[in-house]
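Beneath this line is the structure, given in structure tokens, with notes to follow.
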Amino acid sequence: MSPNDTVIGISDLSTRFGDTWIHRHVNLDIGRGEMVALVGGSGSGKTTLLRQMIGLLAPTQGSIRLFGEPLYGGGVERERALRRRFGVLFQHGALFSSFSVYDNIAFPLRELRSLDEELIHDLVMLKLNLVELLPRHALLMPAELSGGMVKRVALARALALEPELLLLDEPTAGLDPDRSDNFVRLIRVLGKELGLTVVLITHDLDTLTALASRVAVLGDQRILAFASLDEVIHIDHPFIRNFFLSERSRRPLISS
């Protein structure tokens, strides 16, 4: 993979909290247009790694590059411009509870301080339509939304600045099977139509098999495997066997 094709480049990353090492010498390169699922056991450091990818947490050592540029350094404006190139969907949506749907989606657009309200209105309506919500939904408050609608509004906000990279933390957590399937379909369609690179943390094999072009398995403080699903499931490691090849896990793999 050439440097120009690498959207996320993680090199020799290690993370320590107190005396506990979470990651040791993690290396991971994610290419443009890929949909990569990050999986691992509880406490393996998946969410920590995701937070490091978006600059919310600095690693103890090692480096992270986004779009070929260092995530840190070079001044506030450079870092801010880099962060506008990705959007994040947090596990529970993380909507502002005191903001309407409209104002939640408008928030990152207003933060630019360069758009007038008329243009912001048009962009909010466009993003609502993009995630298959209606204009009338803009007036609702987060407490009035179903779980599936919360996810869609959060996705619309994540896409507000037209990012190239989308990061998803457990995107289908808390959704019933029908809403989960619909949301996965939406992510798959938008990923292709918008040319997104997607990184998702998930423990749900139905979501993984429907979306991921490659799977990164985090365990033993390192990346155990980074390959297609077909290749990963043939790796002999206790976590991989339990996660992918238990009786419960085999059903979505067989159906895929």
Side-chain angles (χ1 to χ4, degrees), residues 4 7-8 30 32-35 50-51 53-56 65-72 74-169 171 179 182-200 211:
N4 291 337
V7 173
I8 299 176
I30 296 173
R32 192 173 303 278
E34 286 198 278
M35 285 196 176
L50 184 74
R51 288 168 63 85
M53 289 178 189
I54 59 178
L56 291 179
R65 299 178 73 87
L66 295 184
F67 311 102
E69 298 184 40
L71 181 56
Y72 299 100
V76 173
E77 287 303 317
R78 192 204 67 84
E79 290 185 7
R80 187 175 294 158
L82 193 60
R83 283 168 169 78
R84 288 173 186 159
R85 297 177 69 179
F86 63 78
V88 185
L89 173 62
F90 295 99
Q91 182 172 347
H92 301 294
L95 299 180
F96 299 113
S97 60
S98 60
F99 286 7
S100 67
V101 165
Y102 180 97
D103 288 330
N104 265 281
I105 301 170
F107 183 82
L109 297 166
R110 288 173 174 152
E111 285 291 291
L112 291 176
R113 301 183 187 280
S114 60
L115 306 177
D116 61 43
E117 279 298 318
E118 184 176 353
L119 179 55
I120 288 174
H121 174 273
D122 291 344
L123 289 171
V124 170
M125 292 300 109
L126 178 65
K127 301 307 175 184
L128 276 174
N129 182 66
L130 197 65
V131 299
E132 301 175 352
L133 292 176
L134 301 173
R136 61 182 173 83
H137 293 137
L139 303 176
L140 298 176
M141 299 299 290
E144 300 175 288
L145 304 177
S146 68
M149 291 176 71
V150 166
K151 298 281 190 182
R152 288 172 185 261
V153 173
L155 180 59
R157 185 178 63 184
L159 295 174
L161 299 181
E162 301 188 0
E164 302 161 64
L165 168 65
L166 180 64
L167 301 109
L168 312 170
D169 188 3
R179 287 191 174 93
N182 288 335
F183 195 61
V184 165
R185 176 194 56 78
L186 178 63
I187 293 170
R188 187 169 59 241
V189 169
L190 291 178
K192 291 180 179 178
E193 289 184 351
L194 303 177
L196 296 171
T197 302
V198 178
V199 178
L200 65 145
L211 291 177

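Note that CE of M149 is 12.5 Å distant from CD of E132, once rounded to the nearest 0.5 Å. Rounding to the nearest 0.5 Å gives a distance of 11.5 Å between CD1 of I120 and CZ of F107. Put simply, CG on L66 and CG on L71 are 5.0 Å apart, with the number rounded to the nearest 0.5 Å. The line from CZ of R179 to CG of L186 is 14.5 Å long, rounded to the nearest 0.5 Å. In this structure, CG on L194 lies 9.5 Å from CG on L166, to the nearest 0.5 angstrom. Taking NE2 from H137 and CZ from R152, the interatomic distance works out to 10.0 Å, rounded to the nearest 0.5 Å.
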Practice task
Show the numbers, then the answer: is there a side chain to side chain contact (heavy atoms under 4.5 Å, CB included) between L95 and L145?
Solution key: CA-CA 11 Å; L95 299 180; L145 304 177; 4.1 Å; yes
Exercise for the section: Using the side chain to side chain contact (heavy atoms under 4.5 Å, CB included) rule, take D103 and V124 through it: C-alpha gap first, then chi angles, then the decisive distance, then the call. Expected result: CA-CA 9 Å; D103 288 330; V124 170; over 6 Å; no
Exercise for the section: Applying side chain to side chain contact (heavy atoms under 4.5 Å, CB included), run through L56 and L50 and close with a yes or a no. Expected result: CA-CA 9 Å; L56 291 179; L50 184 74; over 6 Å; no
Practice task
Could you walk me through whether V131 and V153 pass side chain to side chain contact (heavy atoms under 4.5 Å, CB included), step by step?
Solution key: CA-CA 8 Å; V131 299; V153 173; over 6 Å; no
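What you find for M53 and I8 is that their closest heavy atoms are SD-CD1, 3.9 Å. Pairing each heavy atom of I187 with each of M35, the nearest pair is O-CE, 3.8 Å. The heavy-atom pair separating S97 from P142 by the smallest distance is O-CD, 3.8 Å. Taking each heavy atom of P163 and G87 in turn, the nearest pair found is CB-N, 3.5 Å. The minimum heavy-atom distance between L89 and P171, with the atom names listed, is CD2-CB, 4.4 Å. Taking each heavy atom of Y72 and G55 in turn, the nearest pair found is OH-CA, 3.4 Å.
Ionic pairing of E69 and R65 is not present here: no N-O contact between side-chain nitrogen and carboxylate oxygen is shorter than 4.0 angstrom. Salt-bridge check for E162 with R84: failed, with every basic side-chain N at 4.0 Å or more from each acidic carboxylate O.
Both tests pass for R157 against the ring of F96: distance under 6.0 Å to the centre and angle within 45° of the axis.
Using a 4.5 Å heavy-atom cutoff, the side chains of V199 and L165 are in contact. Residues Y102 and M125 are in side-chain contact: their nearest non-hydrogen atoms beyond the backbone lie under 4.5 Å apart. Within the 4.5 Å cutoff, the side chain of L211 has no heavy atoms near those of the V198 side chain. Using a 4.5 Å cut-off on side-chain heavy atoms (C-beta onward), L155 and L190 make contact. You'll find the side chain of F86 stays beyond 4.5 Å of the side chain of E164, heavy atoms only.
Listed by chain and number, the residues in a side chain to side chain donor-acceptor pair (under 3.5 Å) with R80 are E77 (sequence neighbours excluded).
Between the side chain of K127 and the main chain of I105, no donor-acceptor pair closer than 3.5 Å is present. Remark: the backbone N or O of G33 is paired with a side-chain donor or acceptor of T197 at under 3.5 angstrom. At least one donor-acceptor pair closer than 3.5 Å links the side chain of N104 to the backbone N or O of S100.
For the side-chain hydrogen bond (donor to acceptor under 3.5 Å, both in side chains) condition, the pairs that include at least one residue of residues 114-125, sequence neighbours left out, are R110-E117.
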